[in-house]
Amino acid sequence: MRLILLGPPGAGKGTQAQNIKDALNIVHISTGDIFRKNIKEETELGKEVKGYLEKGELVPDELTTRIVWDRLDQDDCKDGFLLDGFPRTLNQAKALDEGLKERSLELDWVINIDVDAKVLVKRLSGRRVCENCGASYHIDNNPPKENGKCDLCGKNVIQRDDDKEETVKNRIDVYNNSTKVLIDYYEKQGKIKNFDGTKAIDEISKEILDALR
Ligand code: AP5
Ligand code: ZN
């Protein structure tokens, strides 16, 4: 299955991706995770994108699209993929559509997770992530079983640099100005499935999986 996870920062895309990819046995591709890994490893790409992530601005479309296609063209994506954080602009969505068409592939569904902006700020400021595998937690709603350690790999759980309140607000503005239009774009293609992201994490996962089956 070829899927996109859409939603504002903090809607729970990464959290739901963990459950969906395992249940459907497909590859999870998060552009945010790819960028953060490159920043951590101080690669050329990392140096190029660092400033954008720190400010909560979008990385330029051309660069982001190229990175996504490099990943999608790998063998393990043949049986399906779950895109998380891409596309994020109309240009990216159009480039994805064109690339799929060139390869005679079709997108199955766009999973849109909706959450109110006030809730988003609370979620992101309380979020902690695994520095190794990127798994996402929340100090109140979804803490790791052992304090400060990832449930999946046992490594340290830390706060993301762009989860400071000012940057969070900018990321929400960027979503409203550049990404929100994609709901309409995919609605017109008849591909959208909407979910209330304020429900409990497991309940949302169940609803998503039921809707896809
Ligand atoms: P990215 O990493 O994609 O960040 P984001 O979209 O801002 O999304 P988040 O990871 O913040 O939120 P999420 O929806 O995954 O929520 P999560 O599951 O963690 O992008 C980062 C940056 O990279 C961008 O700002 C940009 O600079 C760049 N970038 C990335 N993609 C790009 C692109 N395509 N083009 C250009 N630039 C790009 O959950 C959040 C918190 O809430 C967690 O603590 C979680 O435990 C908790 N939570 C989740 N679900 C629930 C629930 N149901 N109830 C209660 N708590 C919950
Ligand atoms: Zn981990």
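By convention here, the first residue in the shown sequence is residue 1. Counting convention: from 1, in listed order, for ligands and their atoms alike.
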(message) Using a strict cut-off of 2.8 Å, how many protein N/O/S atoms surround the Zn ion (ligand 2)?
(response) 4

Which is it for [X] and ligand 1 at heavy atoms under 4.0 Å: side chain, backbone, both or neither?
X    : answer
I201 : both
N142 : side chain
V59  : both
L124 : side chain
Y175 : neither

(message) I need the single residue from L72, N91, T65 that forms a side-chain contact (heavy atoms from CB on, under 4.5 Å) with L96. Which is it?
(response) L72

Would you say the side-chain atoms of [X] pair up with the backbone N or O of [Y], donor to acceptor, closer than 3.5 Å?
X    : Y    : value
R71  : I67  : no
Y137 : K145 : no
N142 : H138 : no

(request) Measure the spacing between CD1 of I204 and CD1 of I20 and express it to the nearest 0.5 Å. (result) 10.0 Å

(request) Measure the spacing between CZ of F35 and OG1 of T64 and express it to the nearest 0.5 Å. (result) 4.0 Å

In this structure, are over 12 heavy atoms from other groups packed under 6.0 Å from [X] atom [atom1]?
X    : atom1 : result
D210 : CG    : yes
E203 : CD    : yes
N132 : CG    : yes

(request) Could you list all the salt bridge (charged side-chain N to carboxylate O under 4.0 Å, His left out) pairs where at least one residue sits in residues 5-26, not counting sequence neighbours? (result)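 As it turns out, there is no salt bridge (charged side-chain N to carboxylate O under 4.0 Å, His left out) pair with a partner in residues 5-26 once direct neighbours are skipped.
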
(message) Does anything in residues 118-136 form a salt bridge (charged side-chain N to carboxylate O under 4.0 Å, His left out)? List the pairs, not counting sequence neighbours.
(response) R127-D163

Enumerate the atoms of ligand 1 whose separation from the nearest heavy atom of [X] is less than 4.0 angstrom.
X    : value
E57  : 26 (C), 27 (O)
G197 : 53 (N)
T64  : 33 (C), 34 (N), 35 (N), 36 (C)
Y137 : 43 (C), 44 (O), 46 (O)
Q92  : 33 (C), 34 (N), 35 (N), 36 (C)
P8   : 14 (O)
I204 : 53 (N)
G14  : 13 (P), 15 (O), 18 (O)

Looking at ligand 1, is there an atom of it that comes within less than 4.0 Å of some heavy atom belonging to [X]?
X    : value
A11  : yes
K199 : yes
P60  : no
G10  : yes
Q16  : no

Of the listed options [options], closest to [atom] (non-hydrogen atoms):
atom                    : options            : result
atom 22 (C) of ligand 1 : L53, V119, D33     : L53
atom 21 (C) of ligand 1 : K13, R171, R36     : R36
atom 56 (N) of ligand 1 : T31, I67, N141     : N141
atom 49 (C) of ligand 1 : L6, T15, L63, V174 : T15
atom 47 (C) of ligand 1 : E54, R123, K55     : R123

(request) Check the pair L182 / L6 against side-chain contact (heavy atoms from CB on, under 4.5 Å), numbers first and verdict last. (result) CA-CA 8 Å; L182 296 184; L6 199 63; 4.1 Å; yes

Are any of the N or O atoms of [X] closer than 3.5 Å to those of ligand 1?
X    : answer
S136 : yes
F86  : no
T198 : no

(request) Please check if any side-chain donor atom of T167 sits under 3.5 Å from a side-chain acceptor atom of D162, or the reverse. (result) no

(request) Check the side chains of N170 and K55 for a donor-acceptor pair under 3.5 angstrom, ignoring hydrogens and angles. (result)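 N170 and K55 do not have a side-chain donor-acceptor pair below 3.5 Å.
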
(request) Take D61 and T89 through the side chain to side chain donor-acceptor pair (under 3.5 Å) test and state the conclusion after the steps. (result) CA-CA 8 Å; D61 287 336; T89 63; 2.9 Å; yes

Give the residue and atom name of whichever protein heavy atom lies nearest to [atom], and the separation in Å to one decimal.
atom                    : value
atom 20 (O) of ligand 1 : R88 NH2, 3.3 Å
atom 38 (C) of ligand 1 : F35 CE1, 3.7 Å
atom 34 (N) of ligand 1 : G85 O, 2.8 Å
atom 4 (O) of ligand 1  : R160 NH2, 3.3 Å
atom 16 (O) of ligand 1 : G12 N, 3.2 Å
atom 19 (O) of ligand 1 : R127 NH1, 2.6 Å

Is [X] salt-bridged to [Y], going by a charged N under 4.0 Å from an acidic O?
X    : Y    : result
E165 : K169 : yes
K206 : D202 : no
E106 : K101 : no

(request) Starting from the C-alpha separation in whole Å, work towards a yes-or-no answer on side chain to side chain donor-acceptor pair (under 3.5 Å) for D97 and Y185. (result) CA-CA 11 Å; D97 277 349; Y185 179 83; 2.5 Å; yes

(message) Is there a side-chain contact (heavy atoms from CB on, under 4.5 Å) between L5 and L82? Walk through the geometry before answering.
(response) CA-CA 7 Å; L5 268 169; L82 175 61; 3.8 Å; yes

Could you list the donor-acceptor pairs under 3.5 angstrom formed between side-chain atoms of residues 25-33 and any protein atom two or more places apart in sequence or on another chain?
| from | atom 1 | to | atom 2 | distance (Å) |
| --- | --- | --- | --- | --- |
| H28 | NE2 | D84 | OD2 | 2.9 |
| S30 | OG | G32 | N | 3.4 |
| S30 | OG | D33 | N | 2.9 |
| T31 | OG1 | G85 | O | 3.1 |
| D33 | OD1 | R36 | NH2 | 2.8 |

(message) Cation-pi check for W109 against R2: NZ or CZ below 6.0 Å from the six-membered ring centre and within 45 degrees of the axis, yes or no?
(response) no

